[in-house]
Amino acid sequence: MSREFPIGLTPPDWLVRNLQPHRAPLNRSAMARAALAMSLPLAIGLAAGQPAYGALASMGALSGVISDTADAYRMRVLNIAVPQLFGALGVTLGAAVYGHGWYAVAVLTAIALVSGMISTIGAVATVSGLTLLMNSVIGAGLPLPGAWWVAPALMTGGGLLVLALALLAWPLRAGIPERAGVADAYRTVAGLLAACGDPDRYVTARYAVTQSLNRSYDTILSHRARHHGRSPELTRLLAQLNAITPVVEAAPAVHLTGRPLPPEVPEAVRRLAEVVETGRTRAGGHTGRGAPGDPAVDPGLSPDPDLTSHLPVPTTETARAMDHAVRHAAGVVARPDVDPRGADDRLGRPAAPGTRTARAARGVLLSAGSWHYGLRLAVCIGIAQALVSLIAVPRSYWVALTITFVLKPDFGSVFSRALLRALGTVVGLVVAAAVLAEVPPGWWSVPVMLLLAPLIPALTPRGYGYQTAAITPVILLLSDILNHKGTALLLPRLLDSLTGCAIALIAGYLLWPESWHTRVGDRLADAVADTASYVEAAFGPETDPAGGARMRRRLYRDLSTIRTEFQRALTEPPPTGRRAAAWWPLVVAVERIVDATTAARVRVRHGSPAPSSAEIGQVTLQLRELAEGVRRAEHLTAVRTDLTGPSGSVLEPLRQEVAAARAITTLH
C-alpha cells in the first residue's frame, strides 16, 4: 500500500518544478552530428600522434554542439559560425594572460563585462557572449599546446566542423525547415480551433499558437533581412503565415460562445498544414469571397475547393467570421505565386543588417539592463579569479566556468541554475568516475566520446541540470587528455563547481535585491497599458491595417514572454516564487482581456454594431487605472470597479474580463 510523505518531508513546489524534466522529442540528426564532430577530431589527433590537438578541436566542437539549436539552415550559419569567431578571440586573450596572476584577473573581469553586455542583444549574441567568456576562462586556466594561434585555430575548426555537418543536406533540403515551421503554426492553430469551448485546453493551445507563430516569424523575417531583394519562396511563406492570423483572431470569438467548432473546421486547417509543408499549390483563381471591410482578408483570393469543400455552412456571426478566415487562408496557401506587395510583415520588416548592428551597439552602451547584467557577471568572475589567484586551486578554470554557465542571462533563474548545476555536476561526476577509472587512455577515448557526445543534444532540451550532467563527463574526458590527471580530477571538480555555484548565489543573486525581492508586476503593468491602447486602436478608424496587426502580434508576443518569465519565477524559493504564484491569476486575466478585445473586434468586422466612444473610453480608463495599480503595488488587492453598459454590446464580454481582473485578490 502506498504511503504519502510526512508533511515535513514533502519537497517544496519550487524544487519539484526545478527537477521536473521538460518534454521534447529526440533530435537524432543533432545527436549524430555531435557524435561525429566530437569523436572525429580525437581520432585524427591520436592518428597524428597529437592527442592534445584532437582534444582542443573537440572542445571547439562542444561549443558548436551547444549552439546547434536552429532548424533552418541559414540560422545555423549564424548560430554556430558567429560564436566561433568570438570563441577564437576569447581563447587568444585568455592564453595571453595564462599564469600572469592579477593580470589574468583584470582581463577576465573585463571580458566578463563585455560578454554580459552583448549577451542582452539577442539569441546569437547571447551564445557568442557565452563562448567568448567560456574560451577565455579555458585559455587562462589551462596550459595550451603549440604556438599562440594553434589553440584558437583548432577550437574554431572543431566548431566549424559541426557547422559543416549541419549544412550537408542544405542543397537537398533548402527551405524545408522554414516550410515545416509555417506548417507547425497551422497545426497548432488547428489544435486551438479544436479546443474552442474547452477552457482548460484552450489556454494551453493559445500559448502554443503564440510560441509557434513567434518562432516562424523570427525565422522567416530574419532570413528576408539578409536578401537585397525578396525571395519568392520566403515571400510565399510569409503570406501563408499572415493568412493564418485572421483564423487566430476569430478563435477567441468562437471560444467565448462556449460552443465547440464542427470538427471539419480544424480538420481543414490541418489539411492546409500538409499543403504548406509539401509545397503543393495550384493555379489560383481570383473570384473568392472575403469578409466585408476586413483588411486582413483579400477578396481577390479563391479558396481551393478540395481544401474547403467539407466546411459546414455558417449560421452565426462568429461562425461566418471563422468560415471567411479559413477560406481566405486556403486561397493563400493554394496560390503558387504571391504578390510581394501583399505580404506585409506582421512584426515589421527588419532593418538592414548594418542598421540593426548600429542599433544594437547603441542599445548595449546605453541600456541600464546590459550594464546591470555585465557588472554582475564581471563581479562574480573577478571574485572567482581573485580567489584562485590567492588560493592554490588546481585547474582553477572550473570555478569561473561554473559561474559563466550559471549566470547565463536567458537561461532562467540564477538560484535554480546554481542548484541544478550542483546536482547535474554530481551526476556527471559519477559517470566521469566510471569513464576515467575504467577506460584506458588512447584510442578507447574515441568510442567513449561516440557514446557520450550524443547525450548533450538529447538531454539539453530536458533542462539545465540534465545538460550539465551530459556535458560534465565530456569536458573531464577532454581535460584528462590534456593534463593526464585521471580520477584525481573528480574531487577538485566537485569542489570547484560548488565554489562557483556559491559565488554565483552570493555575489550574483543575494547581493542584488531585485533578484530575490523583485516586483514581478512591472512587466505585466506595461502589458496592461498596451492592452488599453490596443482596445482604442481596435475600435477606432483603422487607417493602418498593418500597424494594427503589428500591435496585436507584439502584444501577444509580450504576453508570451511574461508568461515565460512568471513560470521561471515560480521555480524560485520564497518569497519570489510565492509572489509570482500570487500574481499568476492576473497574468491569465490579462490574456483573457486581450482575447476578448480581439473577439469583439472580429464581431464588429462581421456585422455587429460598433461600440460607442463612451464605452471604449470607460474600458480603457479602467485598464489604465489597473496598469497603474499593478505598477505601484507590492501585493495584489481587490479593486472595486463599476463597469456597466448596453447588455447586447460587443464589449460586454470584455467588460466582464476587465472587472474580473480588477477583482482579483490574494491573501497575505
Q | Rounded distance (nearest 0.5 Å) linking atom CG of Leu586 with atom CD of Glu591 | A | 10.5 Å
Q. Of all residues at least two apart in sequence or in a different chain, which pass the salt bridge (charged side-chain N to carboxylate O under 4.0 Å, His left out) check with Arg462?
A. none
(Q) When you compare the side chain of Ile66 with that of Val127, does any pair of heavy atoms fall below 4.5 Å? (A) no
Q | Listed partners of Thr468 passing side chain to side chain donor-acceptor pair (under 3.5 Å), at least two apart | A | none
Q) For Thr499, what residues pass the side chain to side chain donor-acceptor pair (under 3.5 Å) criterion, not counting sequence neighbours? A) none
Q. Can you tell me how far the OG atom of Ser445 sits from the CG atom of Leu452, to the nearest 0.5 Å?
A. 10.0 Å
Q. Can you find a pair of side-chain heavy atoms, one from Leu130 and one from Ser119, that are under 4.5 Å apart?
A. no
Q: Nearest 0.5 Å please: distance from the OG1 atom of Thr425 over to the CD1 atom of Ile471.
A: 10.0 Å
Q. Within a strict 4.5 Å, meaning less than it, do heavy atoms of the Val587 and Ile562 side chains meet?
A. yes
Q.
For the backbone of Ser63 and the side chain of Ser67, can you confirm whether one donor and one acceptor N or O come within less than 3.5 Å of each other?
A. yes
Q: Locate the shortest heavy-atom distance separating Pro454 from Pro457; write the atom from each residue and the value.
A: O-CD, 3.3 Å
(Q) Can you give me the closest heavy-atom contact between Ala504 and Val406, atom names plus distance? (A) CB-CG1, 3.7 Å
Q: Let me see the working for Asp68 and Leu165 under side-chain contact (heavy atoms from CB on, under 4.5 Å), right down to the final yes or no.
A: CA-CA 11 Å; Asp68 185 16; Leu165 294 173; over 6 Å; no
Q: For Ser216 and Gly181, indicate whether the former's side chain and the latter's backbone hold a donor-acceptor pair under 3.5 Å.
A: yes
Q | Distance-minimising heavy-atom pair for Tyr373 and Gly116 | A | CD2-O, 3.0 Å
**Q.** Modelled atom types, side-chain donor and acceptor of Gln84 and Thr131, under 3.5 Å
**A.** no
Q) Say you draw a straight line from CE of Met31 to CG of Leu455; how long is it, rounded to the nearest 0.5 Å? A) 7.0 Å
(Q) For a 4.5 angstrom cut-off between non-hydrogen side-chain atoms, does Met59 reach Pro41? (A) no
Q. Taking C-beta and beyond as the side chain, do Met38 and Leu62 meet within less than 4.5 Å on heavy atoms?
A. yes
Q) Closest heavy-atom contact between Leu498 and Ala422? A) CD2-CB, 4.0 Å
(Q) When you measure from the side chain of Arg76 to the backbone of Ala166, do you find a donor-acceptor pair of N or O atoms at a distance under 3.5 Å? (A) yes
Q. Of the non-hydrogen atoms in Val162 and Ala61, which two are nearest, and what is the gap between them?
A. CG2-O, 3.5 Å
Show the atom names and distances, to 0.1 Å, of all donor-acceptor pairs under 3.5 Å that link a side chain in residues 133-159 to residues at least two apart or in another chain.
unit_1 : atom_1 : unit_2 : atom_2 : d
Asn135 : ND2    : Gly87  : O      : 3.1
Ser136 : OG     : Gly90  : O      : 3.2
Ser136 : OG     : Leu132 : O      : 2.6
Thr156 : OG1    : Pro152 : O      : 2.7

Q) Which distance, rounded to the nearest 0.5 Å, do you find between the CG of Leu477 and the CG of Leu42? A) 7.0 Å
Q: Verify whether one side chain among Arg206 and Thr210 offers a donor that lies under 3.5 Å from an acceptor in the other.
A: yes
**Q.** Ser212 side chain vs Ala208 backbone, donor-acceptor pair below 3.5 Å
**A.** no
Q) Does Thr109 have any side chain to side chain donor-acceptor pair (under 3.5 Å) partners at least two apart in sequence or in another chain, and if so, which? A) none
(Q) Quick check against the 3.5 Å criterion: does His372 have a side-chain atom that pairs as donor or acceptor with the backbone of Ser370? (A) no
(Q) Taking side chain to side chain donor-acceptor pair (under 3.5 Å) as the definition, give me every residue that meets it alongside Ser497, ordered by chain and number, with sequence neighbours left out. (A) Trp398
Q: Could you tell me the separation between the CZ atom of Arg557 and the CG atom of Leu559, rounded to the nearest 0.5 Å?
A: 12.0 Å
Q. Can you name the nearest heavy-atom pair linking Ile118 to Gly129, along with the distance?
A. CD1-CA, 3.9 Å
(Q) Measuring only between side-chain heavy atoms, which start at C-beta, is Leu375 closer than 4.5 Å to Leu113? (A) yes
Q) With a 4.5 Å limit on heavy-atom distance, are the side chains of Ile503 and Leu387 in contact? A) yes
